[in-house]
Participant: 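Before I ask anything, let me first share the structure, which is written out below as C-alpha cells.
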Amino acid sequence: MRGHPWLTLISVAIGVMMVALDGTIVAIANPAISDDLKASLADVQWITNAYFLALAVSLITAGKLGDRFGHRQTFLIGVVGFAAASGAIGLSDSIAFVITFRVFQGLFGALLMPAALGLLRATFPAEKLNMAIGIWGMVIGASTAGGPILGGVLVEHVNWQSVFFINVPVGVLALVLGLVILVDHRPENAPRSFDLPGIALLSAAMFALVWALIKAPEWGWGDGRTWAFLIGSLVGFALFALWEKRVGEPLIPLALFRSVPLSAGVVLMVLMAIAFMGGLFFVTFYLQNVHGMSPVDSGLHLLPLTGMMIVGSPLAGAMITKVGPRVPLAGGMALTAAAMFGMSTLDTGTGSGVMSLWFALLGLGLAPVMVGATEVIVGNAPLALSGVAGGLQQAAMQIGGSLGTAVLGAVMASKVDNDLAGNWADAGLPPLTPEQQAAAKEAVQVGVPPVAPGTPEAIAAKITGVAHDTFISGMGLACLVAAVVAVVAVLVALLTKRGANPEAAMGGAHI
C-alpha cells in the first residue's frame, strides 16, 4: 500500500483539488463577504489578488524546497498550512484578516502543487506517467471549473465562511492519506545548498510582473507606474539570469532552457492560460449579467467544459503515451482556437445548446494541453529538478492566466470606450455627463446595464439593450484575440517532444 503509484495519485489529487478549487470558488463568495464585512470593491479584489500573487511568486522556490528537502514533507506541510489558513479565514471578522490569510493560503498552496508533480514523477514508471498526469490535470480542470457551482451552492444555502471551512476536512483527509501512502524519493544528486540571492531576485521579478498585471486595469497600460513595474520585472529577470550563471547550485539551472521542448512547453502553458483564463473571465459575466443566470445556473452551463476536461484528460494521457505529445498538443490548441472563435459569435439571443457546443469543444481542446505541456516540462527535466520543473509549469499557468485577464480586459475596455457613446446616441438616449459616462463604461465592461433607480421602463430597456450589445461586441473581440493566441500556440506545440532521457544528469548533450 505504501508508495503504491495509483494510491499516491489519489492522495496528491485530494490535496491539489483544494488549491485548484480555491482559485474560482471564492469569486462567488465575494459579494457576501463584502456585505458581511463592509468591504470596498478594492478590498474584495484583493481577496483574489493576494492569493494569486503569493501563489505565483513562490511556486518555483517551493518546487526547489521539494527537491532539496523531499516532496513528501513539502506536500504534507502545504496541506496542513493550506487547511489551517482556510479555517482561519472562515473565523475572520475583518477584511484585513481575510486578505492576510489568503496570502498564507497562496504560500502553502505553492508548496503543494509542484510537490504533487514531483511525487507523481518519482512514483510512476515512464510508460504510465502520462496517464497519471492526465488524471492529475483532470482533477485540476474539474476543480477549477466546478468551483463556481460548489461556491454558489454553499453561499446560497450555508454561508460564505463554508467556502473556506470545507477545506479543513479535505485537508485532514489528504494529510492522513499522505502520512499512510506517500513515500519520499530523494535523488542522490539532489541539491545540497540553497540559492538565497537567486530566490530573492526571482521573487522580486515575479512580484513586479504580476503586480503590474494586476494593477494595469486600474492604473492604465500607458501609466508610468505600470511601466515602472514591468521594466523593474525585466531588470529583475536579467539580474537573476546573470546570477544563476555564477552560482554553484542555482535555483533554476539555466541549462534547463537549452532543451527546446521544455522551453516550448513553458511558452505553450502561458499561451494556453492566456486564451483559456482570459476568455473564460468574460463568459461568467456574459452568463450572469447578460443572460441573468444565478451563480449556480452559470456554473451548470459550464458543465460541458468541465465534463470534456474530465473525459478528455485521461484519453489525452493515453494518446500522448502512444504517439508523443506533439500531435495531441497542436490538435488541442487548434480545437481551443476554434472554440474561442465560436465563443466570439455569442450574442444576447444565443441558446444553451450552441453555448454548450463551444464550451465542450474548449474542454476537449484544453485537456491534451494541460496533460501534454505538463509532461513535456516535467519529463524533459532531470529527476533531481522535478520540483523546480513542476513549479515552472504552475508559474507559467498562473502568469498566463494573469496576462490573459489583463490583456483581454484591456481589449474589452478599449472596445467599450470606442463603441458605447455611439451606441448610446444611436439609441436616442439622453447624453451623459463625463462622470456618468465613466461610470457607465465601467459597468458595461462586465455586462451590467447602468440603469439609475427610478428610470422609466422604456428607457431602462433601451439602456439594457445598448449595454448588452456593447459588452458582447467587446467580448467578441476579446475571444477573437484569444483565438489568435491559440493559433500561435499551435505553432509552439510543434516544437515539443517527450523527454528523451529525463534521468540524465545536468549538462548532458540532450539539455
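The basis for the numbers below is simple: all heavy atoms, side chains too, and nothing from hydrogens, waters or symmetry mates.
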Participant: What's the verdict on side-chain contact (heavy atoms from CB on, under 4.5 Å) for Phe164 and Asp22, showing C-alpha distance, side-chain angles and the deciding distance?
Facilitator: CA-CA 8 Å; Phe164 298 100; Asp22 257 55; 4.3 Å; yes

Participant: Does one side chain, of Asn423 or Asp469, offer a donor that lies under 3.5 Å from an acceptor on the other?
Facilitator: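 Side chains of Asn423 and Asp469: no pair found under 3.5 Å.
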
Participant: Calculate, to the nearest 0.5 Å, the distance between atoms CD1 and CE belonging to Ile310 and Met308 respectively.
Facilitator: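 Answer rounded to 0.5 Å: 10.5 Å.
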
Participant: Apply side-chain contact (heavy atoms from CB on, under 4.5 Å) to residues Ile472 and Leu346 and explain how you reach the verdict.
Facilitator: CA-CA 7 Å; Ile472 282 168; Leu346 297 176; over 6 Å; no

Participant: Could you tell me the separation between the CE atom of Met293 and the CG atom of Asn289, rounded to the nearest 0.5 Å?
Facilitator: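 Answer for the CE-CG pair, Met293 versus Asn289, is 11.5 Å.
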
Participant: For the pair Arg326 (side chain) and Leu494 (backbone), establish whether a donor and an acceptor sit closer than 3.5 Å, ignoring hydrogens and angles.
Facilitator: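 Yes, the answer is positive, given that a donor and an acceptor are paired below the 3.5 Å cut-off.
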
Participant: Are the side chains of Phe229 and Trp219 in touch, meaning some heavy atoms are under 4.5 Å apart?
Facilitator: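 In contact.
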
Participant: For the residue pair Phe282 and Phe285, categorise the inter-ring angle as parallel (less than 30°), tilted (30 to 60°) or perpendicular (more than 60°).
Facilitator: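 The arrangement is tilted - the two ring planes meet at 30° to 60°.
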
Participant: Is any side-chain heavy atom of Thr470 less than 4.5 Å from a side-chain heavy atom of Val466?
Facilitator: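 Yes, close enough: below the 4.5 Å cut-off.
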
Participant: Do the non-hydrogen side-chain atoms of Leu59 and Pro114 ever get within less than 4.5 Å of each other?
Facilitator: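 Counting from C-beta outward, Leu59 and Pro114 do come under 4.5 Å.
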
Participant: Would the distance check show the side chain of Thr374 and the main-chain N or O of Met370 forming a donor-acceptor pair, the cut-off being under 3.5 Å?
Facilitator: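 Between the backbone of Met370 and the side chain of Thr374 there is a qualifying donor-acceptor contact (under 3.5 Å).
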
Participant: Could you tell me which non-hydrogen atom of Gly332 sits nearest to which non-hydrogen atom of Pro368, and how far apart they are?
Facilitator: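 Closest approach of Gly332 to Pro368: CA-CG, 3.8 Å.
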
Participant: Less than 4.5 Å apart, any side-chain heavy atom of Asp347 and any of Thr350?
Facilitator: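 Yes, close enough: below the 4.5 Å cut-off.
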
Participant: In Å, rounded to the nearest 0.5 Å, how long is the span from NZ of Lys462 to CD of Glu457?
Facilitator: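 If I round to the nearest 0.5 Å, the distance is 13.5 Å.
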
Participant: For the pair Ser414 (side chain) and Ala410 (backbone), establish whether a donor and an acceptor sit closer than 3.5 Å, ignoring hydrogens and angles.
Facilitator: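 A pair under 3.5 Å: no.
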
Participant: So which of Leu271, Thr336, Val485, Leu305 actually passes side chain to side chain contact (heavy atoms under 4.5 Å, CB included) with Phe276?
Facilitator: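 So the option named by the test is Leu305.
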
Participant: Distance-only, no hydrogens or angles: does the Ser259 side chain make a donor-acceptor pair with backbone N or O of Leu262 under 3.5 Å?
Facilitator: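 Yes: the side chain of Ser259 pairs with the backbone of Leu262.
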
Participant: Might you work through the side-chain contact (heavy atoms from CB on, under 4.5 Å) test for Ile274 and Val407, ending with a clear yes or no?
Facilitator: CA-CA 9 Å; Ile274 289 173; Val407 172; 5.8 Å; no

Participant: Taking all non-hydrogen atoms of both residues into account, name the closest pair between Ala373 and Leu268 and its distance.
Facilitator: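 Heavy atoms of Ala373 and Leu268 come nearest at CB-CD2, 4.3 Å.
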
Participant: Between Val416 and Phe471, is the side-chain contact (heavy atoms from CB on, under 4.5 Å) condition met? List the steps.
Facilitator: CA-CA 7 Å; Val416 169; Phe471 170 82; 5.8 Å; no

Participant: With the side chain counted from C-beta on, respond yes when Leu477 and Ser344 share a heavy-atom pair under 4.5 Å apart, and no when they do not.
Facilitator: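 Contact flag for Leu477/Ser344 side chains = no.
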
Participant: Less than 4.0 Å between a side-chain N and a carboxylate O, is that true for Lys215 and Asp223?
Facilitator: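 No, no charged N to carboxylate O under 4.0 Å.
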
Participant: Any sub-3.5 Å donor-acceptor pair from Thr455's side-chain atoms to Val451's backbone N or O?
Facilitator: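 Such a contact is absent between Thr455 side chain and Val451 backbone.
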
Participant: Going by atom types alone, do His301 and Ser356 pair a side-chain donor with an acceptor below 3.5 Å?
Facilitator: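 His301 vs Ser356: no donor-acceptor pair found between side chains.
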
Participant: For the residue pair Phe82 and Tyr51, does the interplanar ring angle fall in the parallel (under 30°), tilted (30 to 60°) or perpendicular (over 60°) class?
Facilitator: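 Phe82 and Tyr51: perpendicular rings.
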
Participant: Can you tell me how far CG of Leu329 sits from NZ of Lys497, rounded to the nearest 0.5 angstrom?
Facilitator: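 Nearest 0.5 Å value for the NZ-CG distance: 14.5 Å.
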
Participant: Would the distance check show the side chain of Thr226 and the main-chain N or O of Ala212 forming a donor-acceptor pair, the cut-off being under 3.5 Å?
Facilitator: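 Between the backbone of Ala212 and the side chain of Thr226 there is no qualifying donor-acceptor contact (under 3.5 Å).
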
Participant: Donor-acceptor check, side chain of Ser162 to backbone of Asn159, threshold 3.5 angstrom: yes or no?
Facilitator: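 Checking the backbone N and O of Asn159 against the side chain of Ser162, a donor-acceptor pair under 3.5 Å is found.
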
Participant: Which heavy atom of Met340 sits nearest to which heavy atom of Ala482, and what is that distance?
Facilitator: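 Smallest interatomic distance, heavy atoms only, reads CE-CB, 3.7 Å.
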
Participant: Between Pro450 and Val444, is there a side-chain heavy-atom distance shorter than 4.5 Å?
Facilitator: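 The answer is yes; the side chains approach within 4.5 Å.
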
Participant: Starting at CZ of Phe359, measure out to CG of Leu287 and round the result to the nearest 0.5 Å.
Facilitator: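 Nearest 0.5 Å value for the CZ-CG distance: 5.0 Å.
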
Participant: Does the side chain of Trp358 reach to within under 4.5 Å of the side chain of Leu362, using non-hydrogen atoms?
Facilitator: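 Sidechains of Leu362 and Trp358: no contact.
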
Participant: Please report the closest heavy-atom contact between Val168 and Ala83, naming both atoms and the distance.
Facilitator: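 Of all heavy-atom pairs spanning Val168 and Ala83, the closest is CG2-O, 3.7 Å.
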
Participant: Output yes when a side-chain donor or acceptor of Thr123 lies under 3.5 Å from a complementary backbone atom of Leu120, and no otherwise.
Facilitator: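 Here the side-chain-to-backbone pair does not exist.
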
Participant: Please round to the nearest 0.5 Å and tell me the distance separating atom CG of Leu392 and atom CE of Met269.
Facilitator: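 Between atom CG of Leu392 and atom CE of Met269 there are 11.5 Å.
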
Participant: Above 12 or not: heavy atoms from other molecules or residues under 6.0 Å from CE of Met319?
Facilitator: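 For Met319, atom CE is not crowded (no more than 12 foreign heavy atoms under 6.0 Å).
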
Participant: Would one find more than 12 heavy atoms of other residues, nucleotides or ligands at under 6.0 Å from atom CH2 of Trp227?
Facilitator: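 Counting other residues, nucleotides and ligands, CH2 of Trp227 stays at 12 neighbours or fewer.
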
Participant: More than 12 heavy atoms of other residues, nucleotides or ligands under 6.0 Å from CZ of Phe341: is that the case?
Facilitator: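 Counting other residues, nucleotides and ligands, CZ of Phe341 stays at 12 neighbours or fewer.
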
Participant: Counting C-beta onward and ignoring hydrogens, is there a side-chain heavy-atom pair between Val79 and Phe108 closer than 4.5 Å?
Facilitator: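 They are not in side-chain contact.
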
